[in-house]
Amino acid sequence: MQHLSEQEILRRENLQKIRELGIDPYPAGMFDITATAAHIKETYEEGATGFENVQLAGRLMMVRDMGKACFAELQDSSGRIQIYVRRDDICPGEDKSLFDEVFKKLLDIGDFIGVQGFVFRTRMGETTVHVQQLTVLSKALRNLPIVKTDAEGNVHDAFTDPEQRYRMRYVDLIVNGQVKDVFLKRSRIISVMRRFFDDKGWLEVETPILQPIHGGALARPFKTFHNTLDMPLFMRIANELYLKRLIVGGFDGVYEIGKMFRNEGMDRTHNPEFTSMEIYVAYKDYEWMMEMVEQCIETIAREVNGDTKTQVGEQVIEFAGPYRRLSMFDAIREHTGIDISEMDEAALREVCKNFHIEVDASMGKGKLIDEIFGEKVEKHLIQPTYITDYPLEMTPLAKKHRSKPGLVERFELFVNGKEIANAYSELNDPIDQRERFAEQLRLSERGDLEAMSLDEDFLRALEYGMPPTSGLGIGIDRLAMLLTNQHAIQEVLFFPQMRPEKP
RNA sequence: GAUCCCGUAGCUCAGCCGGUAGAGCACUUGACUUUUAAUCAAGGAGUCAUGGGUUCGAAUCCCAUCGGGAUCACCA
């Protein structure tokens, strides 16, 4: 049995009394809406036509009771608008119960109502709907947190506890308007990106989430089981190998926006499931891809924020291209003064030691370079910067560099000290690819849980021939964090992963 | 996984050198037919996260557990 608070009991009693008055608190029929709060507030002028008879619906969010008349605030999907409810207008006859009983006593904050009336401006200058008819649309049985903003713009009693906001995102969205704006922007980021790719003729596709072999990235997977096939399956950590199979199959450009799953730590920049966009375009290389990414992100920033500049924490980020390009070795030299490009493993270990970077015996040359980069460079890359030409050991799916031995044609895009995109000239030499997988297998045997598995069918696909191709992955959640100036991934996911509420 | 902080009314928080709970908003009752954090008067509301312990007595001190946050490690 559910424990009910005093206020919850009252609302249930009010629900019953509404029924006793012959009013259905959950009517089945539709309610015609001819206007929204935002539209009325934006377009209404004194004496304008078209506002004599409007119908709108939403939640009752605040009531200022003046006796025989009330001002209230109605919140619909577009925002809030003041409504004016006068007893003798909604109850023109002898029976005043709709006003005195239903509206003033039995309706509560959070209830859905529909109103019909005309728009006017009060002497305080507030655009207001003068209600002539009021319809109960849905009764709420729990009371919402009341967030108020005073004349100076100070917010009082904000619903701020992250745990409650994430667990009850529906409440968060109702009472915290700025939260809704973040998610509207997130949605817009994805739709602008999709249109950008579609306009270029690339095909949006869907590839398996349940995979027998988890390939395409270095990460620990979630494992599950299919009963009929009687075999284990993995939740995908990446879709790269499937998208490349489609390039083999003859598509010039394919992309997928979808969830990936990684069984690793959770914190304010990692959720076990996250959204990535991966795209593969035939006959292109990573240099071409850098230009494409600049255009794409600049377009998104402009369309989402109305400006290519975005405030992110203390920084103002300029998303208009071209972005600075810096090889990994040059980046390390710039931030440490040390040229590591000719160093062997022992010399790199010495560099790490001098910088007090923790290393272990299993780390090879590539990993050591990556550690130095992560420790000394990454956090300084505030404005969008491409880091190019990575050590081969860390990147088993990228093509060897056309002119620099030991490196691959890869770039990552860093913004505000975080990686948000990763791209290669894709490895399409099936024999080289088989050797790279073999190397991963050796790492796995040494105990590296993140090493990539060998995918025999993917190799078979490459053996049929894949055109030169450039591929790119963008972390959508992180891009959304940047463009909405949010410091936690939980703020750009409707329902971030949480432990169960009760044991 | 490690360390630190937090969990008291629907919401935001106070109380924490131990003496069985307070404020504002919300809620209830009443007044007010252009108010806007409406106002005014009166009132009700809490297994103080959970379970143990110390004590005559625990929201308060101690231990454990659960949940969350921050920092670190791993990673996108």
Side-chain angles (χ1 to χ4, degrees), chain A residues 3-11 13-14 61-73 80-90 99 104-105 108-110 120-128 130 140-168 171 175-176 217-220 237-238 260-278 358 370-371 374 412-413 418-422 449-450 473-479 481 487-490 496 498-503:
Chain A
H3 170 78
L4 295 178
S5 70
E6 182 192 36
Q7 295 190 44
E8 287 172 313
I9 291 165
L10 261 162
R11 282 175 181 244
E13 288 169 3
N14 288 347
M61 292 303 282
M62 187 174 285
V63 180
R64 293 182 280 274
D65 184 350
M66 308 288 298
K68 293 182 184 64
C70 296
F71 286 93
E73 285 178 22
R80 284 195 195 185
I81 191 164
Q82 179 166 268
I83 61 174
Y84 179 56
V85 184
R86 204 155 63 171
R87 186 181 71 175
D88 298 334
D89 291 322
I90 68 165
F99 184 81
K104 283 186 66 165
K105 290 189 179 164
D108 297 297
I109 284 171
F120 75 111
R121 195 158 280 165
T122 66
R123 62 172 169 235
M124 301 300 288
E126 184 82 19
T127 302
T128 303
H130 190 126
L141 297 183
R142 290 174 184 261
N143 44 326
L144 290 167
I146 303 298
V147 181
K148 292 190 171 186
T149 308
D150 66 21
E152 285 84 47
N154 302 312
V155 176
H156 299 263
D157 301 328
F159 181 62
T160 50
D161 178 7
E163 175 170 7
Q164 296 208 69
R165 289 181 47 236
Y166 302 154
R167 287 192 194 283
M168 298 191 284
V171 175
V175 303
N176 291 329
L218 309 171
R220 296 170 69 176
I237 57 172
M260 303 298 155
F261 307 86
R262 296 189 184 176
N263 206 342
E264 293 171 344
M266 287 169 59
D267 58 29
R268 73 165 195 282
T269 54
H270 298 83
N271 195 63
E273 55 183 288
F274 63 99
T275 301
S276 88
M277 190 295 302
E278 291 219 14
E358 274 187 46
D370 195 56
E371 290 290 322
E412 292 189 311
L413 175 60
K418 296 264 160 48
E419 181 210 329
I420 66 160
N422 181 22
L449 296 167
E450 293 181 352
I474 292 181
I476 297 293
D477 310 286
R478 294 206 170 161
L479 182 62
M481 285 167 68
H487 73 291
I489 197 169
Q490 288 78 13
M498 303 281 276
R499 287 200 165 83
E501 243 176 295
K502 280 168 190 153

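Order of the sequence lines fixes the chain letters, A, B, ..., with proteins taken first and strands second; residue numbering starts at 1 for each chain. Computed over heavy atoms, backbone and side chain alike; hydrogens, waters and symmetry mates excluded. None of the values given here were measured: they were computed from a predicted structure.
The side chain of A:His487 sits closest to B:A70 out of B:A70, B:C27, B:U35. The A:Asp150 side chain lies nearest to B:A37 when the options are B:A37, B:G68, B:A70. Considering only the side chain of A:Glu126, B:U36 comes nearest among B:G68, B:C74, B:U36. Nearest nucleotide to the side chain of A:Met66, out of B:U33, B:C27, B:G68: B:U33.
Using a 4.0 Å heavy-atom distance criterion, A:Met260 is classed as making no nucleic acid contact.
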Nucleic acid footprint by protein, nucleotides 5-13 of chain B - heavy-atom cut-off 4.0 Å, B for base, S for sugar-phosphate alone | -----BBS-
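Checking the phosphate oxygens (OP1, OP2) of B:A38, a side-chain nitrogen or oxygen of A:Lys148 falls inside 4.0 Å. Taking side-chain N and O atoms only, A:Arg499 has a distance below 4.0 Å to OP1 or OP2 of B:G67.
Screening residues 260-270 of chain A for salt bridge (Lys or Arg N to Asp or Glu O under 4.0 Å) gives no qualifying pairs among residues at least two apart or on separate chains.
Across all strands shown, B:C66 is found opposite B:G7 as a Watson-Crick or G-U wobble partner, with both distances under 3.5 Å.
Under the ring pair (Phe, Tyr, Trp, His ring centres under 6.0 Å) criterion, A:Phe71 pairs with A:Tyr84, not counting sequence neighbours.
Between the side chain of A:Arg86 and the base of B:U33, a donor-acceptor pair under 3.5 Å is found.
Of the two residues near RNA chain B, A:Ala72 and A:Lys104, the one whose nearest nucleotide lies more 5' is A:Lys104.
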